[in-house]
Number of protein chains: 2
Amino acid sequence: MRDVALHAGVSPKTVSNVMNGYPYIREATRLKVLASIEALGYQLNLSARNLKSGRTGIIGLAVPRLNLPYFAELADAVIGAAEEHGLTVMIEQTGAVRERELGALSRPRGHLVDGLLFSPLGLGPDDADYLRISTPMVLLGERIFHGPADHVMIDNVNGTRAATQHLLQLGRRRIAVIGTHPGEVVGTAAIRYGAHLSALAEAGVKPVHKLAVEAGPWHRSNGADAMEKLLASGAKFDAVLGLNDTLALGAIRVLTKHGFRIPDDVAVAGFDDIDEASFSTPTLTTVDPGRAQIATAAVELLVERMNGDDSDHRELVIPFELHRRESTIGSNS
Amino acid sequence: MRDVALHAGVSPKTVSNVMNGYPYIREATRLKVLASIEALGYQLNLSARNLKSGRTGIIGLAVPRLNLPYFAELADAVIGAAEEHGLTVMIEQTGAVRERELGALSRPRGHLVDGLLFSPLGLGPDDADYLRISTPMVLLGERIFHGPADHVMIDNVNGTRAATQHLLQLGRRRIAVIGTHPGEVVGTAAIRYGAHLSALAEAGVKPVHKLAVEAGPWHRSNGADAMEKLLASGAKFDAVLGLNDTLALGAIRVLTKHGFRIPDDVAVAGFDDIDEASFSTPTLTTVDPGRAQIATAAVELLVERMNGDDSDHRELVIPFELHRRESTIGSNS
DNA sequence: TTGAAAGCGCTAACAT
DNA sequence: ATGTTAGCGCTTTCAA
């Protein structure tokens, strides 16, 4: 920068002013400086600026894994939303492991991120205190904690209830659930399963507990394994609720392999509305949690916090939408 | 850091030494300093370190979009590989747009990344000069350029040839191709299509040009649209080669909708071996480009460059593998 | 094995 | 509208 200043015959501060779009510069000076910058191939050193300003223009995004389509599509949306605000995104994969999630919180990249978007999956309610960090943060996804942080939430409860009600309306009464996490009380699995049970109860349908099948990480393979196990158990069912889309798709795979017709023999619904759900065979009935809105709302909220807003913590619930597709209502052709 | 030094009764430099694992410190001093760090909740300011050392511990990853499963899974692998080297990944989405790709090159985040992994899709051979940048860089994916940069390549040619040969071995002779980019000479689409043609020629099969269908971005939806167009044209075919998996899956969707049986009426193959290919209905025959190996090799190469290795540019071709699945060979049940 | 001094490149605050 | 001064928090000499 000094070199540029010399080359242009101005002070370093003027160069800095030009770089930052400071308005009160004579146009002639500005052009002169710009020319020198060009001539010398000068590039601003962000580390230096950050050191001085305490800001990096980077926000962190902590998600389980990018090989989970929901989170990949969420990351895509977040990166896009951040760009609108001139921010870059650093992604940290936590693997939904508690220790790694705590790591992402405790050491927000050594002052290298101005804010953090955090999708907690491994944390429990006892960990709420860890969320009191000095870096601005917005939680994404589940209503796990009431408390010390902003939260942009999926409407898990009403979304899942809508899916279950849809299956009930189709006359299905024996609904298998894929992807429960027994023992978990907070967390997506517990919330969605609870909402499912409440919808059943409301309709006066008794739940069949052996139709609820556990699945660890919500990959397709685990959905497939869970369905194999369910079939092996000999239990009868006329519908399947995958607690997310990949589980449902894995289950569909196995059902098809075993000769079940979908939706005639078994109707299947999921949750997330990942891109694939519109193109799978059959297309998948699922709950769209409003990914794009989640991303823009979360980034907006975070930016406000980064700008010093220290008003009370807010919880935002994004409206969901149920997409009825072939896996429950068949093809219309 | 000064505060920590005061608290521990040592000089800032000693604290720095402790932070950096400098070996020649008395254990007692080390523990004292560690205690003070803990007591004061001290966190190293990376911006400051970077300013001094010129290193950030961050590498950039420039890919088209994370909503393309291949790139999401690649990013996942890269983040994992980078972690092994203590590096963090900043993802830049270029949208496969030339201008944005040039942007990622010209302004590698203002010295904020120590190196760059770059998946060029929008650049042409005329842009080779732009690849001569001072930041260490490794190109990922396609053999677009011979030249000024390290390159970890998918074996597009042999992979595609294997897929085509597989279709030919099944007795298919009228193979539709989904996803061509007419006018493109370098780039994935052109390379794979060219390889397909060469495999046909070698087998003495005459290509049917109207069976090659264009598709812009390689999304499922574009694969579906392309297949609709192909069917509307009335052309007859007994196989489909999707130039990537999502195109193939989109095409399968449409074929199924129109009542074609796969693979009996039409065999379908793709390229990428995304996770979904193992779980779709039918499962998808596809070419596995060795994503994990690509990621680890690329990060390794990049780390060497970042450590000052300035030997000649290297080109690494990762071996592929053809996975034969239901979409071409049917179910074995 | 530890400390002192200097400076990385930038910008905030204050001149002018 | 532009320049001066000082210092962000760390590490790299070099000395002790």
Side-chain angles (χ1 to χ4, degrees), chain A residues 1-37 40-58 86 107-114 134-135 306-308, chain B residues 1-37 40-58 86 107-114 134-135 306-308:
Chain A
M1 182 178 270
R2 221 193 30 230
D3 297 343
V4 173
L6 284 176
H7 184 107
V10 298
S11 83
K13 174 64 196 171
T14 302
V15 179
S16 169
N17 282 338
V18 170
M19 295 296 294
N20 291 289
Y22 185 68
Y24 303 114
I25 324 177
R26 217 178 324 135
E27 190 58 16
T29 325
R30 224 176 61 80
L31 292 175
K32 209 167 45 178
V33 171
L34 252 26
S36 299
I37 287 174
L40 302 184
Y42 168 72
Q43 273 192 230
L44 186 68
N45 182 322
L46 286 183
S47 284
R49 168 187 281 178
N50 303 340
L51 177 56
K52 187 67 195 179
S53 66
R55 284 213 165 196
T56 61
I58 304 175
R107 168 199 36 73
R109 294 274 146 228
H111 301 192
L112 222 54
V113 301
D114 295 338
S134 53
T135 310
M306 293 177 354
N307 288 336
Chain B
M1 181 177 268
R2 220 192 33 229
D3 296 343
V4 173
L6 285 176
H7 185 106
V10 298
S11 82
K13 172 60 194 166
T14 303
V15 178
S16 170
N17 282 338
V18 170
M19 295 296 295
N20 291 290
Y22 185 69
Y24 303 114
I25 324 177
R26 217 178 324 137
E27 190 58 18
T29 323
R30 224 178 61 80
L31 292 176
K32 207 166 49 178
V33 170
L34 252 26
S36 299
I37 287 175
L40 301 183
Y42 167 71
Q43 274 192 228
L44 185 69
N45 182 322
L46 286 184
S47 285
R49 168 186 283 180
N50 303 341
L51 177 55
K52 192 65 197 176
S53 67
R55 284 212 165 196
T56 61
I58 304 175
R107 168 200 37 73
R109 294 272 147 230
H111 300 190
L112 222 54
V113 300
D114 295 337
S134 53
T135 311
M306 292 176 354
N307 288 335

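Below, each value reflects all heavy atoms present in this structure, side chains not excepted, and no hydrogens, waters or symmetry copies. Lettering of chains follows the sequences in order, A, B, ..., and the numbering in each one begins at 1.
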Check: residues 21-28 of chain B side-chain donor-acceptor pairs under 3.5 Å, at least two apart:
| from | atom 1 | to | atom 2 | distance (Å) |
| --- | --- | --- | --- | --- |
| B:E27 | OE1 | B:R30 | NE | 3.3 |
| B:E27 | OE2 | B:R30 | NH2 | 3.4 |

> For the helix from C:dT1-D:dA16 to C:dT16-D:dA1, what angle lies between the axis at the first five pairs and the axis at the last five pairs, to 10 degrees?
Replying inline: 30°
> Which residues within residues 11-35 of chain A lie with some heavy atom under 4.0 Å of an atom in DNA chain C?
Replying inline: A:K13, A:S16, A:N20
> Just how far, in rounded Å, is C1' of C:dG7 from CG of A:L51?
Replying inline: 12 Å
>> Restricting to non-hydrogen atoms, name the atom on A:D114 and the atom on A:T56 that form the minimum distance, rounded to 0.1 Å.
In response: OD1-N, 2.9 Å
>> Distance check needed: C:dC8 C1' versus B:R55 CZ, whole Å only.
In response: 16 Å
>> Is there a side-chain contact between B:L112 and A:I58 in this structure, where contact means two heavy atoms from C-beta onward sitting under 4.5 Å apart?
In response: yes
> Of the non-hydrogen atoms in A:K32 and A:A8, which two are nearest, and what is the gap between them?
Replying inline: CE-O, 3.5 Å
>> Tell me every residue that passes side-chain hydrogen bond (donor to acceptor under 3.5 Å, both in side chains) with B:D3, counting only those two or more places apart in sequence or in another chain.
In response: none
> Of all heavy-atom pairs between A:M1 and A:P12, which one has the smallest distance, and what is that distance?
Replying inline: SD-O, 3.7 Å
>> If you assign B:G9 and A:S53 each to the DNA chain C nucleotide with the nearest heavy atom, which residue ends up on the more 5' nucleotide?
In response: B:G9
> Do you know the tightest heavy-atom contact between B:S47 and A:L51?
Replying inline: CB-N, 4.0 Å
> Expressed in angstrom and rounded to an integer, what is the separation of A:N50 atom CG from C:dC8 atom C1'?
Replying inline: 14 Å
> Between B:L34 and B:V18, what is the shortest heavy-atom contact and its length?
Replying inline: CD1-CG1, 3.4 Å
>> With a strict under 4.0 Å distance from non-hydrogen atoms of chain A, what nucleotide opens and what nucleotide closes the contacted stretch of DNA chain D, reading 5' to 3'?
In response: D:dA1 to D:dG9
> Separation of A:D3 atom CG from C:dC8 atom C1', in whole Å?
Replying inline: 14 Å
> For the atom pair OG (A:S16) and NZ (A:K52), what is the distance rounded to the nearest 0.5 Å?
Replying inline: 10.5 Å
> Heavy atoms, side chains only, cut-off 4.5 Å: are A:R49 and A:N20 in contact?
Replying inline: yes
> What residues, two or more places apart in sequence or in another chain, satisfy side-chain hydrogen bond (donor to acceptor under 3.5 Å, both in side chains) together with B:S53?
Replying inline: none
>> Just the rounded figure in Å: distance from C1' of C:dC10 to CG of B:L112.
In response: 14 Å
